[in-house]
Trainee: 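Below you'll find the structure I mean.
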Amino acid sequence: MTAGMMTTQGVGMAAAAAFLRVHLVAVGAGVLGTGCVLAPLAEVRATATANTTATTAARETDRSARRG
């Protein structure tokens with residue numbers, strides 16, 4: 001992480017804490033952070049499953065073509 005990004009995050013947390021209770025800001029940041037990790041993870045897993053299925057089908061086709 002760069003220093004600028006960390007500074008921006010700190011300022012954002014401090015600004016949010018000025019209007020909300022600190023524990024709510026911390027929980028909200030945790031929930032948002034978890035969502036930011038889980039959303040791409042779901043996409044990667046879906047893509048990996050689709051690629052595995054396509055690869056398996058291609059192998060089966062290749063095997064049956066060799067057997068002739």
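Starting from 1, each residue takes its place in the sequence as its number.
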Trainee: May I ask you to list the residues sharing a hydrophobic cluster with L41, side-chain cutoff 4.5 Å, ordered by chain and number?
Mentor: L38
Trainee: Can you give me the closest heavy-atom contact between V22 and A17, atom names plus distance?
Mentor: CG2-CB, 4.2 Å
Trainee: How many angstroms lie between atom CZ of R45 and atom OG1 of T47, to the nearest 0.5 angstrom?
Mentor: 12.0 Å
Trainee: Which heavy atom in P40 sits nearest to a heavy atom in G35, and how many Å separate them?
Mentor: CD-O, 4.4 Å
Trainee: Can you name the side chain to side chain contact (heavy atoms under 4.5 Å, CB included) partners of A29, sequence neighbours left out?
Mentor: M13
Trainee: Members other than V31 in its cluster, when Ile, Leu, Val, Met, Phe, Trp, Tyr link by side-chain heavy atoms under 4.5 Å?
Mentor: V27
